[in-house]
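Throughout, protein chains are lettered first and strands after them, A, B, ... in sequence-line order, and every chain is numbered starting at 1.
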Amino acid sequence: MIKLRRLERRYPLGKEKFFYVLRDINLDIEEGEFVSVMGPSGAGKSTLLHILGMHDSGWAGEYFLAETAVHHLKPKERATLRNEQIGFVFQQYHLLDDLTVYENLDIPLSYRRYSKGERAALVADMLDRFQIVGKKDLYPSQLSGGQQQLVGVARAIIAEPKLLLADEPTGNLHSSQGEEIMELFRKLNDEGMTIVQVTHSEKNASYGKRIIQLRDGWLVRENR
Amino acid sequence: MNDLKFAFRQLRNSPGFSVLAIVTLAIGIGLNTAIFSLINDLFLRGLPFKEPSRVVHLFEGDKSRDLVDIGVSAPRYEHFRDGQTLFDGFAGENFFLFTLTGLGDPVQVFGGRVTSSYFDVLSVRPILGRNFLPQEQEGADVAVVTKNFWQKRLGGDPNVIGRSIALDGTAHTIVGILPNMPATWFGANPIAEVWTTKPFQIPGFTYERMMRGTSFLRVVGRLKPNVTLKQVKAALPSLDQSYRTQYPNKIDSSLVTTAKTLPEDVTENFRAGFITLFAAVTFVLLIACSNVANLLLVRFSGRRREIALRMAIGASRAGIVRLFVFESLLVSVIAGGVGAFVAWRLVPLVPRMASNFLPLEANTASSLSLPVLLFTIGLSILTGLLMGLYPAMQASRADLVDGLKEGGRGTSGSIRQQRFRKILVCAQVALSVTLLAGAALLITSFMRLSQQNLGFRSQHLWTGAITLPTAQYPDTASRQRFVEQLLNALHDVPGIQNATVSGDTPLNGGNQTLYARGDRDLPPLEQRANAPSHDAAPDFFKTWRIPILAGREFNEHDTADSQRVVLISQTGAKKVFPGENPIGKTLLVTSAATPCEIVGIVGDIRSQRIKQEPGMEFYLPWSQDNFPFVNVAVLSPLKTEAVTKLVQSALSKVNPGLAIAIPQSMDAIVAQALGQARLMMILLGLFAGVALLLAAVGIYGAVAYSVAQRTGEIGVRIALGAQAADVLRLILIQGLMPVVIGLGIGITVALALGRLLRTQLYQVSPHNPALLLTTAIVLGLVALSACLFPARRATQVDPIQALRTE
Ligand SMILES: Nc1ncnc2c1ncn2[C@@H]1O[C@H](COP(=O)(O)OP(=O)(O)O)[C@@H](O)[C@H]1O
Ligand SMILES: [Mg+2]
């Protein structure tokens, strides 16, 4: 599913000097895997996830996603590939305050090629599956943190991605709410979705089958 | 006082905001002050006569004969003077061009022949000497002159009273020096500077013919104390009736008298124009206000920490609002100062551009008077309150501050602000589209007007006027001899291709003259039709390049002793002789019903105004009909001054005691005739341009600010799959929504206000759909580009940065 070769991300630091956030990353993730990325703060975990999610394009090296050479794609082709393949969950949920739950779920569909009918059906399906039908007309500020992240996950997978990326999805939640999200991830993984999550918690990491450790931009160790 | 200091410091600390806000408002306040200053000079300051609104100007008219606001005849003047009881004084004036000799080269000076009461009725006190005495009215050769005449032409001679000047070859004794007269009442081109008595004489008319009822006097009366204009208007019909009964067969028997006060009379022609201009600058100011209001909203809301702090140490909400309004007032008052300065520099330019149609004194309009200053101060304060109050109230809302303290995600304040911003954009668009539509109408109207076929060609045409002294040129034959000699003298001059003479010139003339068909019963005088008539020498039509459509032009065989002949206009031929060939038929002209044979049909010309509808007009040969007013027209490729010299030297060969008045190129006269329309077009176009610019800045500001506020949201949307086009669409739709609503409102308002412009439009309907559509498209495109810049910036939002800052 994912193949990274000599991937590198750096930021300019004054004259001719660079600050390396990721160095020489070589990584293979198979379809259907559930991988947790761990490491201290500032290690480059979010950076790696944003590169995988194609929010960032200022990197060097090779990145293959489902056999496609991302490093050769034009921005527009990358955006299309991303919209087909990837869903993203944020630590701060990032639901849009002025939109209802229903409308928030509809956003990703509005940016992809779905007909009106398909969109309504998919949103209804998702509300049903996450048991939040009763909340569809509420605004994010009227939901608890756990409920908001539930919507966040629903929004990430509504366009049926093959790969789900989650950056500390439970970082702002109580442990019981966090567990609910993790159970959800496990279920999605069982259904065949590839998941890469960033987490600080060993417990959350144990839901996955593989842990990747990052330190100062280096991929230091892999536990399988 | 502390608050003032604080407000000052706030402005100084953000020079970018201060300069932008002050410049924006200064434009609005400056334009308003400039226009108000003109309105003050034209409408409010009034004429420099005592209680000008108690002086009433009488007009005659007859709708059925196309006669509007013409003068009063001598018999009617006397009838009204003796029959009325409402006026303290009653007076008449007959405009006149005198030839002044004996003081260097002969010159033509403008003024009038007046009844002895004239300056008393206007309440003009001489600065030296006295006004005319009743016994001087009919017999004495006396004159009063202006201060300017005295100083320029008589060197300020201290013994001027009793001195003699030669007017039209007759010695006149100066009995008084008057202050310089207002252009408002006497006109500016040429300036009036000398008056004599003997008002009831029309040069070239016998006393008997004049007394048939030719309308030529400008009649004014001063109301008795406690008498109103309404009472005068009520009394006029019975005076008209008694005149009609007493003189059933005068030319003017059936005319109807109307009355206007002097201020009403001198302003009515441009009142609509100034209402339009004032509305336009008000719109500009409102747009400027809304731009600054938006800036203030951003600025005040950005000071939440300060607000919270002030509230924490005990400030009330009212106190905070006051603080902010204070700041807003400071901005508007400084802008008012800058605007007043700009207006003070701008206003003097207007009389220079507009002196030939706006009765403004070049010197009075240049000073900003007390009413203008009060207006500006009042306007500045109003502006400050108008634009500052809502942002201040909005920014000091308690929930906003509380929300901040809790660190929650309360967005209700920002939604309310977004809505306010949208309303501002909507209003700006509505105002500018209205203005733009008005400007578009006036521009189109001006183009139609300036492309109007005048019926003659003005290129390379020079004109000038000569008044013949009646003592030297008492009759038709002597005046014909003069013209023959003059045209002969001009004939051989190199550089002059053609020369001719006429009694009046196109765009400036045409005496209303009675006429009737010779093959029908002759209607009595009071029912006879009238039309503009023109006396023309040979080559008139060739020189003015007016087409001869049938028959022939006048030539040297048309003499005083030959068959009397007449030419009629194309429309006249159709109107008076429908379906017939008028050539060879007889037209009975003037009150004497002189039979003239129609020998030709000529093209229609705009003989009085550009906007005139073509109608019946006729031409008589100079040799058979003429007055002592000679208008010379010369076709020459030379410059105006050069032609003037050539004509002057030819004239001195014929009579060294005569002078040329108002030498001008005909192109200049045409341009002057377009002057008011041109000025209106330029001013409204300018205001609309400023409005469009301010609205564009306003739309840009509102959209840019909303993009800045929504960076996080846009980042999320991009992370969720939005591509550049999606983001662009999102921002454009939200940014353009208030624009579209504003366009709708603006077009509705433009349709409603179109009526205001109707009187100023020529051959354009105020509800022209194509123009409105064009206007809407122009504004839509401007708004689109104003949105496009911030929208493009939105597409370049880096989702990682946006998500991180959240
Ligand atoms: N735009 C940037 N410019 C410079 N340095 C950056 C930028 N973005 C991230 N970094 C740095 O990259 C490092 C890794 O950041 P991040 O991937 O967010 O770490 P993590 O998610 O592992 O805590 C940090 O030291 C951070 O300061
Ligand atoms: Mg991170």
Side-chain angles (χ1 to χ4, degrees), chain A residues 9 11 21 46-51 53-59 75-99 103-114 139-143 145 148 152 155-159 161 165 167 172, chain B residues 399-400 402-422 705-735 737 791-792 794-806:
Chain A
R9 179 69 170 110
Y11 289 102
V21 179
S46 296
T47 306
L48 177 63
L49 224 60
H50 281 305
I51 291 172
M54 296 180 217
H55 299 154
D56 186 6
S57 51
W59 42 269
K76 199 146 184 164
E77 295 164 339
R78 273 188 202 188
T80 310
L81 181 65
R82 180 191 66 190
N83 281 2
E84 279 169 7
Q85 302 276 341
I86 301 173
F88 211 101
V89 178
F90 307 94
Q91 179 179 350
Q92 300 92 337
Y93 333 132
H94 286 316
L95 302 181
L96 297 187
D97 290 337
D98 299 337
L99 303 185
E103 290 163 341
N104 264 289
L105 289 181
D106 188 46
I107 299 173
L109 302 179
S110 72
Y111 297 135
R112 290 164 173 82
R113 257 186 243 125
Y114 289 99
Y139 286 91
S141 55
Q142 295 166 300
L143 301 179
Q148 290 194 44
R155 189 180 61 178
I157 64 168
I158 194 165
L165 302 173
D167 192 353
N172 283 11
Chain B
D399 60 348
L400 208 106
D402 290 346
L404 178 87
K405 267 187 279 186
E406 286 165 16
R409 356 180 77 223
T411 51
S412 58
S414 90
I415 285 178
R416 207 171 282 131
Q417 292 189 9
Q418 287 279 0
R419 196 182 312 138
F420 178 64
R421 206 161 278 130
K422 280 179 183 160
Y705 187 72
S706 112
V707 165
Q709 272 196 327
R710 296 169 66 181
T711 309
E713 178 199 331
I714 294 163
V716 171
R717 285 180 182 272
I718 293 176
L720 291 176
Q723 304 202 10
D726 299 312
V727 175
L728 208 61
R729 197 179 316 123
L730 174 80
I731 301 296
L732 285 185
I733 286 178
Q734 299 212 357
M737 185 63 89
R792 274 192 57 94
T795 65
Q796 284 149 18
V797 162
D798 178 356
I800 307 174
Q801 294 297 336
L803 297 175
R804 200 187 296 273
T805 52
E806 267 287 289

Could you tell me the separation between the [atom1] atom of [X] and the [atom2] atom of [Y], rounded to the nearest 0.5 Å?
{"X": "A/H94", "Y": "B/R717", "atom1": "NE2", "atom2": "CZ", "value": "14.0 Å"}
{"X": "B/L720", "Y": "A/I158", "atom1": "CG", "atom2": "CD1", "value": "11.0 Å"}
{"X": "B/I800", "Y": "A/S46", "atom1": "CD1", "atom2": "OG", "value": "9.5 Å"}
{"X": "B/Q418", "Y": "A/D98", "atom1": "CD", "atom2": "CG", "value": "8.5 Å"}
{"X": "B/E713", "Y": "A/I107", "atom1": "CD", "atom2": "CD1", "value": "7.5 Å"}
{"X": "B/Q723", "Y": "A/T80", "atom1": "CD", "atom2": "OG1", "value": "5.0 Å"}

*In terms of heavy-atom pairs under 4.5 Å, which option from B/G715, B/A722, B/P799 contacts chain A the most?*
B/A722
_Which atoms of A/L109 are under 4.5 Å from chain B, going by heavy atoms: the side chain, the backbone, both sets, or neither?_
neither
*Which bit of A/N83 comes within less than 4.5 Å of chain B, counting heavy atoms only: side chain, backbone, both or neither?*
side chain
_Taking every non-hydrogen atom, the tightest pair across B/D798 and A/H55_ = OD1-O, 4.2 Å
_Contact summary for B/G721 and A/Y111, nearest pair of heavy atoms_ = O-CB, 3.5 Å
*Are B/V716 and A/R155 side-chain neighbours, meaning at least one heavy-atom pair lies under 4.5 Å?*
yes
